[in-house]
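Worksheet: the structure to be examined is printed underneath.
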Amino acid sequence: MASMQLMRKENAIAHEVMQDSPKSPEARLGMKVEDLWDVQEPQLSPTEKLNACFESIPVSAFPPAPSSQVIEIKSDTSLAEAVQILSEHKILSAPVVDVDAPEDASWIDRYIGIVEFAGIVVWILHQSEPPSPKSTTPGSALEVAVNRVTNAAGFGILGPEDAQATSGNFFEALTSSEFYKNTKVRDIAGSFRWAPFLALQKSNSFLTMLLLLSNYKMKSVPVVDLGEAKIDNIVTQSSVIHMLAECAGLQWFESWGTKKLSEIGLPLMTRDHVVKVYEEEPVLQAFKLMRKKRVGAIPIVDSSGVKVVGNISIRDVQFLLTAPEIYHDYRSITAKNFLTAVRSYLKKHQGTSPFVSGMVVCTKNHSVKELIMKLDSEKIHRVYVVDDAGNLEGVITLRDIISRLVHEPHGYFGDFFDGVLPLPLNSRV
């Protein structure tokens with residue numbers, strides 16, 4: 001709870017900054033909302049006013065993402081190289097450019113999809129499964145090791161005994177294999193999140209973008225420039241939360257942000273519905289659950305199931321592929337051992353990870369504004385809600401907060417999704 005005690009002080013400082021310092025691009029965008037807010041019909045509710053304001057602002061008005069985050073991966077890039085690119089730029093996913101596309105291709109023909117950390121890992125493991133459960137052909141040492149893990153990484157529930165296969169030696173063998181080095185990103189196109197993918201045009205509204213990031217569970221939305229036939233910007237849930245934090249002090253934000261979490265129906269996900277993993281379960285169970293349930297991170301709980309002892313994010317999968325040597329001293333990689341090993345590795349290399357370095361908790365009595373300021377300052381994606389005894393009551397994500405800012409009008413999207421191809425029915429990631 002100590003991690004939330006400075007929130008009110010941070011809010012006061014943020015208000016002073018809004019008043020006294022040069023306005024950031026995000027704050028200037030917030031002031032556009034303020035101007036629109038002032039001229040809305042008085043009979044509209046605050047949420048209806050915000051909907052109208054955001055519908056009047058094009059997504060092109062959103063500040064551009066840092067160049068380090070607008071990264072494209074070529075379709076002939078190997079999986080090993082793709083993992084390194086994502087890891088070095090500290091991003092979860094990236095659009096894939098078709099190297100065979102003609103120079104005058106439209107944007108939808110220029111890209112073949114969006115590749116993710118989690119998709120690469122799960123695809124590798126599943127592609128290495130034996131052709132039949134009854135197969136007795138041993139194959140190479142790597143194939144045997146991979147088969148043991150992929151059998152454990154199926155769609156059933158993993159047990160503690162399955163963690164025996166997930167040793168550091170396995171991941172070292174995997175990442176040094178020709179299979180890993182030679183397989184190209186285009187070879188796993190059927191596993192992409194979007195094929196090709198969903199994107200916005202600059203003329204689309206801010207409201208459309210907010211709804212995609214909330215109701216439709218997109219963690220990032222590419223914005224394309226039709227003239228240049230390429231991605232012009234990538235708007236993430238985190239960048240929206242940062243914009244909201246920069247708007248502290250503005251009337252429209254304060255009328256919404258000063259409400260308690262319980263007043264706006266947060267947390268949406270209560271204790272009984274939180275996707276979680278026990279500390280003695282295999283770490284691959286955590287990543288499998290994230291992918292299956294479409295969540296970005298899950299809590300690690302003790303044997304009681306109500307005390308949170310850690311947090312694992314999809315981004316942390318990079319440690320399985322880029323630093324398998326850190327598990328040499330572990331007989332198996334349970335969720336608990338994973339956290340311990342990564343924390344030790346980060347400490348040794350003077351690195352940090354907001355997901356494995358600690359957790360942030362709050363209560364239902366904190367305000368939306370307090371939560372936004374903390375999420376933005378700590379650069380984290382979720383906060384765990386606890387009761388007075390410290391027991392888990394729920395979880396609040398960036399998406400949950402954005403979903404409480406706006407609502408989707410009936411029939412709003414119409415045929416917007418008609419041109420988007422879903423994942424193949426036999427897709428396994």
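Hydrogens, waters and symmetry mates play no part in the numbers below; they use all other heavy atoms, side chains included.
Residue Lys336 qualifies as open at atom NZ: its count of foreign heavy atoms under 6.0 Å is 12 or below. Shown here is Lys276, whose NZ atom has more than 12 heavy atoms of other residues, nucleotides or ligands within 6.0 Å.
Rounded to the nearest 0.5 Å, atoms CZ (Phe338) and CD (Glu279) are 15.0 Å apart. Note that the CG atom of Leu198 and the CG atom of Leu200 stand 6.5 Å from one another [nearest 0.5 Å]. Atom SG in Cys53 sits 9.5 Å away from atom CG in Asp35 (nearest 0.5 Å). In this structure, the separation between CG on Leu213 and OG on Ser403 is 11.5 Å, given to the nearest 0.5 Å. Atom CD of residue Glu81 and atom NZ of residue Lys184 lie 6.5 Å apart, to the nearest 0.5 angstrom. Rounding to the nearest 0.5 angstrom, the gap separating the CG atom in Leu79 from the CD atom in Gln84 is 12.5 Å.
Closest non-hydrogen pair, Ala101 versus Ala105, comes out as CB-CB, 4.2 Å. Residues Arg343 and Val309 come closest through the heavy atom pair NH2-O, 3.9 Å. Scanning all heavy atoms of the two residues, the minimum distance from Ser93 to Leu86 falls at C-CD2, 3.7 Å. When all heavy atoms are compared, the tightest approach of Ile231 to Ile234 is CG2-CG1, 3.9 Å. The two residues Tyr180 and Ala80 come nearest to each other via the heavy atoms CE2-CB, 3.4 Å. Nearest heavy-atom pair, Leu289 versus Val295, reported as atom, atom and distance to 0.1 Å: O-CG2, 4.5 Å.
Aromatic ring pairs are classed by plane angle as parallel below 30°, tilted from 30° to 60° and perpendicular above 60°; the pair Phe253 and Trp256 is perpendicular.
In this structure, Thr183 contributes its side chain and Phe179 its backbone to a donor-acceptor pair below 3.5 Å. A distance-only check finds a donor-acceptor pair linking the side chain of Glu370 to the backbone of Ser367 [under 3.5 Å]. Of the possible polar contacts, one joining the Ser377 side chain to the Met373 backbone as a donor-acceptor pair under 3.5 Å is found. In this structure, the side chain of Gln201 does not engage the main chain of Val59 through any donor-acceptor pair within 3.5 Å. Using a distance-only test at 3.5 Å, with no hydrogens or angles considered, no donor-acceptor pair links the side chain of His273 to the main chain of Met269. Under a 3.5 Å cut-off, the side chain of Glu34 and the backbone N or O of Trp252 do form a donor-acceptor pair. Side chain of Glu281 to main chain of Tyr278: a donor-acceptor pair is present (N/O by atom type, distance under 3.5 Å, no hydrogens or angles). In this structure, Lys307 contributes its side chain and Ser304 its backbone to no donor-acceptor pair below 3.5 Å. In this structure, the side chain of Arg271 does not engage the main chain of Gly394 through any donor-acceptor pair within 3.5 Å. Between the Ser239 side chain and the Thr236 main chain, a donor and an acceptor come within less than 3.5 Å of each other.
Lys202 is linked by a salt bridge (Lys or Arg N to Asp or Glu O under 4.0 Å) to Asp225, Asp232, counting only residues two or more places apart in sequence or in another chain. When the side chain to side chain donor-acceptor pair (under 3.5 Å) test is applied to Tyr384, the partners found at least two apart in sequence or on another chain are Asn311. Residues forming a ring-ring contact (aromatic ring centres under 6.0 Å, His included) with Phe62 (at least two apart in sequence, or on another chain): Phe206. Applying the ring-ring contact (aromatic ring centres under 6.0 Å, His included) test to Phe413 and every residue at least two apart in sequence or in another chain returns Tyr216, Phe416, Phe417. Applying the side chain to side chain donor-acceptor pair (under 3.5 Å) test to Ser106 and every residue at least two apart in sequence or in another chain returns Asp109.
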Does Lys379 form a side-chain contact (heavy atoms from CB on, under 4.5 Å) with Ser238? I'd like the steps, not just the answer.
CA-CA 8 Å; Lys379 305 304 178 188; Ser238 296; over 6 Å; no
Between Arg186 and Asp98, does the side-chain contact (heavy atoms from CB on, under 4.5 Å) criterion hold? Intermediate values first, please.
CA-CA 8 Å; Arg186 63 186 169 212; Asp98 186 353; over 6 Å; no
Pair Val383, Lys374 - check side-chain contact (heavy atoms from CB on, under 4.5 Å), show working.
CA-CA 9 Å; Val383 167; Lys374 193 64 178 179; 5.6 Å; no
Does Ser205 form a side-chain hydrogen bond (donor to acceptor under 3.5 Å, both in side chains) with Tyr412? I'd like the steps, not just the answer.
CA-CA 12 Å; Ser205 75; Tyr412 179 79; 3.0 Å; yes
Evaluate the criterion side-chain contact (heavy atoms from CB on, under 4.5 Å) for residue pair Thr77 and Lys74; output intermediate values, then yes/no.
CA-CA 5 Å; Thr77 301; Lys74 295 181 179 179; 3.7 Å; yes
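Of the options Ile312, Thr334, Asp316, a side chain to side chain contact (heavy atoms under 4.5 Å, CB included) to Val283 is made by Ile312 and by none of the others.
Using a 4.0 Å cut-off between charged nitrogen and carboxylate oxygen, Arg110 and Glu72 count as a salt-bridge pair.
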When the side chains of residues 395-402 are checked against the rest of the protein, which donor-acceptor pairs come out under 3.5 Å, sequence neighbours left out?
{"from": "Thr397", "atom 1": "OG1", "to": "Arg399", "atom 2": "N", "distance (Å)": "3.4"}
{"from": "Thr397", "atom 1": "OG1", "to": "Asp400", "atom 2": "N", "distance (Å)": "3.2"}
{"from": "Thr397", "atom 1": "OG1", "to": "Asp400", "atom 2": "OD1", "distance (Å)": "3.4"}
{"from": "Thr397", "atom 1": "OG1", "to": "Asp400", "atom 2": "OD2", "distance (Å)": "3.2"}
{"from": "Arg399", "atom 1": "NH1", "to": "Ser214", "atom 2": "O", "distance (Å)": "3.3"}
{"from": "Asp400", "atom 1": "OD2", "to": "Thr397", "atom 2": "N", "distance (Å)": "3.0"}

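Using a 4.5 Å heavy-atom cutoff, the side chains of Cys362 and Leu371 are in contact.
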